[in-house]
Amino acid sequence: MERTDKYPRLVTLAASVLVVAVLYFAKAVLIPFALAMLVSFLLAPLVLRLQHWRLSRVMAVVVAVLLVFVASSAIGWLAAGQVRDVTTSLAEYRHNIHGKLATLRGALATPVETAMKSVNDLGADFAAVPEPATAAAPIQTVRIAEPVRGPIQILSDAAGPTVDILMTAAMVLLFAFVMLLRREDLSDRFIRIVGPGQILVTTRALEEASNKVSSYLWRLLILNGLHGLAIGIGLTLIGVPNAILWGLLSAILRFIPYVGPWIAAAFPVLASLAASPGWSQPMLTIAMFATLELISNNLLEPWIYGAGTGISPLAILVSTLFWTWLWGPVGLVLSTPLTVCLVVMGKYVPQLQFLHLLFGDGPGLSPPSRLYQRLIAGDEDEAWLVLRSEMEHRTLHDVYDAVVLPALSMAEQDRQRGALDEVAEARIEETMKLLLDEAGDLRAGADASPDSTPVPVREDALRVLCLPARGTADALAANMLRQVLERDGAHVEVSSIAELSGETLDVLASHRVDIVCISAVPPSTFMHVRYLCKRIAGRFPKLPIIAGIWTLELEPQELADRLPILAGVRVAKSLSEARTQVRQMSDSVRLQRDA
């Protein structure tokens, strides 16, 4: 146990290497199992639908597996007939093939022959004087005689790959049948092994992985089926022979990421080159494939896939390379579903969280962390883009509460432990002021709610004084509160952090102030907040005070111990909460002021 705590990364690395080794050396067993799991994910919605139609679990599973068997057998029979037709037609296409090769040879022969002649001439110029020929040793002819193979051996070699494929398909269907039949039992056993004390988390992980993979497979099946149908119809209209075969091949090969569509397009293009005497049919075939790929990639895939698989494009590429290296062509087909399962498990299992962070389609950093990183880097434009993107679907005070104030709190933490130098502090302060000015001009962004419309300041408007507790971060937060309250029609002033508490009290005595808001960004000490509250309450006991301790995450009792609540002092943990409190006190403050 001590070794695990001391070397957690080494243990994780060793476990990862062991898992990869098991996946590689046990692929003969794991590949049929993984394919069966894929088939079970694909058939699970169909089995549930059949059960809703009053079929028992056994009958629903039998019907679903039989449908797969019949469909795959029909497709295989149809494809075999088309392949036989192609092989018998090759002799008829020999004349067209020779004609196109002659045309290409004529177009390429002249420059190639000229280049070869130049090379030969240069070689002759630099050639050395030949030495006199010596008597050559007699040449002995060696003939390698292959053993005679019998008809049974020839038939075995030819039928071997077919038998292996059929055996694998039978194992896959058998595994899928058992998985569908014992789905709940297998789920219970998996939960017992993986998370006996975390039934809720493991159940949610299994449910999300099953839903995402099933949805992805069905959408992929629909998309590839539509694509294959369009290819078959298009090739038939163009006149390419065996259009049904190329349509089926295109639908099947599109299950292979990246390279599948290219391979699927190569066969009908070669067939059109062989079958047609001219060049118009191959050009039309190429144009059709290019058009359909553009439509599929830009229109159909975003529409059919919707929210997607939950993994990033880079993760799809990396997983494709990894699983192809591990399991070959089968890994190429299984790469996306297996990666979806791993990413979902990383979302719920803490030990696998790095998989969700690396391969998930969510942002690598939270919006406050992204904003703070841009502030540290001094990238004003990128920092504004982070803020602007959040303001497109949130109100101004929500963006300040959820993004800007947490980023300021991160900066304050780094400043207090000495991680930020004076140059970085000044850069962050200057950039933040620019961002707040831009946000103030933009106001609430895309928020169009009625209460977000600015209210003009009137003569009898509520007067609020915002006091920074101590530092620059407190002053920036006070300016955010000023922008938020001014949208409600309040007259707000922000006191300078350079003023002493005595000067602040003089300002309160000489100016009409209805409410005082003290602004503090944790981990700023509570001592300054308590001091200001006591001084103000001691001299102006009837003046309402709001102690804004932004992004505060303390329990009520702990807050009461660290900041004793005085008479008339309220605590706000966010700008939205402070805004609500000001609105609630506005009527009573006006009545008291008029009296």
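Only a predicted model underlies this, so the values are computations on that prediction, with no experimental measurement involved. Quick note: numbers below take in every heavy atom, side chains included, and nothing from hydrogens, waters or symmetry partners.
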*Can you check whether G331's main-chain N or O pairs, donor with acceptor, with T324's side chain at less than 3.5 Å?*
no

_Close side-chain approach of M480 to V404, heavy-atom, < 4.5 Å_ = yes

*asked:* Quick one, L338 and S319 - any side-chain contact, counting heavy atoms below 4.5 Å?
replied: no

*Distance-only, no hydrogens or angles: does the D488 side chain make a donor-acceptor pair with backbone N or O of R583 under 3.5 Å?*
no

*Side chains of L48 and Q51: does their closest heavy-atom pair fall under 4.5 Å?*
yes

*Rounded distance (nearest 0.5 Å) linking atom CZ of R254 with atom CG of L221*: 12.5 Å

Pair up each side-chain donor or acceptor in residues 374-381 with any protein partner under 3.5 Å, not counting sequence neighbours, and list the distances.
{"unit_1": "D379", "atom_1": "OD1", "unit_2": "E382", "atom_2": "N", "d": "3.3"}

*W550: which of S574, S409, S519 passes side chain to side chain donor-acceptor pair (under 3.5 Å)*: S519

*If you look at every heavy atom in L481 and C466, which pair is closest and at what distance?*
CD2-SG, 3.8 Å

_With a sphere of 6.0 Å drawn around CZ of F33, does it hold more than 12 non-hydrogen atoms of other residues, nucleotides or ligands?_
no

*Locate the shortest heavy-atom distance separating A473 from V521; write the atom from each residue and the value.*
O-CG2, 3.5 Å

*Could you check if a side-chain atom of F41 sits within less than 4.5 angstrom of a side-chain atom of P337, using non-hydrogen atoms only?*
no

_Nearest 0.5 angstrom please: R183 CZ to S210 OG, how far?_
4.5 Å

*What's the shortest heavy-atom distance between A547 and V529, and which atoms?*
CB-CG1, 4.1 Å

*Is the shortest distance from a Lys or Arg side-chain nitrogen in R470 or E412 to a carboxylate oxygen in the other one below 4.0 Å?*
no

*Please tell me if the side chains of Q581 and E577 come closer than 4.5 Å, counting only heavy atoms from C-beta onward.*
yes

_Nearest 0.5 Å, please: how far is CG in L180 from OG in S40?_
5.5 Å

*asked:* For L396, is there any backbone N or O sitting under 3.5 Å from a side-chain donor or acceptor partner on Q483?
replied: no

*asked:* Looking at K433 and E430, is any side-chain nitrogen of the basic one under 4.0 Å from a carboxylate oxygen of the acidic one?
replied: no

*Taking side chain as C-beta onward, heavy atoms only, is F255 less than 4.5 Å from N224?*
yes

*Could you give the distance from OH (Y372) to CG (D414), rounded to the nearest 0.5 Å?*
3.5 Å

_In the structure I gave you, are the side-chain heavy atoms of W384 and L434 within less than 4.5 Å of one another anywhere?_
no

*asked:* If you define the side chain from C-beta out and look only at heavy atoms, does anything of L220 sit under 4.5 Å from T336?
replied: no

_The test is salt bridge (charged side-chain N to carboxylate O under 4.0 Å, His left out); show your working for R57 and E184 and say whether it passes._
CA-CA 11 Å; R57 166 60 68 88; E184 282 75 15; 3.2 Å; yes

_Please enumerate all residues that pass side-chain hydrogen bond (donor to acceptor under 3.5 Å, both in side chains) together with E390, with sequence neighbours excluded._
none

*Got a second to check how far I545's CD1 is from R570's CZ, nearest 0.5 Å?*
12.0 Å

*asked:* Main chain of V464, side chain of D514: is a donor-acceptor contact present, judged purely on distance under 3.5 Å?
replied: no

*Will you find, in the side chains of R427 and T431, an N or O donor that is under 3.5 Å from an N or O acceptor?*
no

*Measure the spacing between CG of L23 and CG of L30 and express it to the nearest 0.5 Å.*
6.0 Å

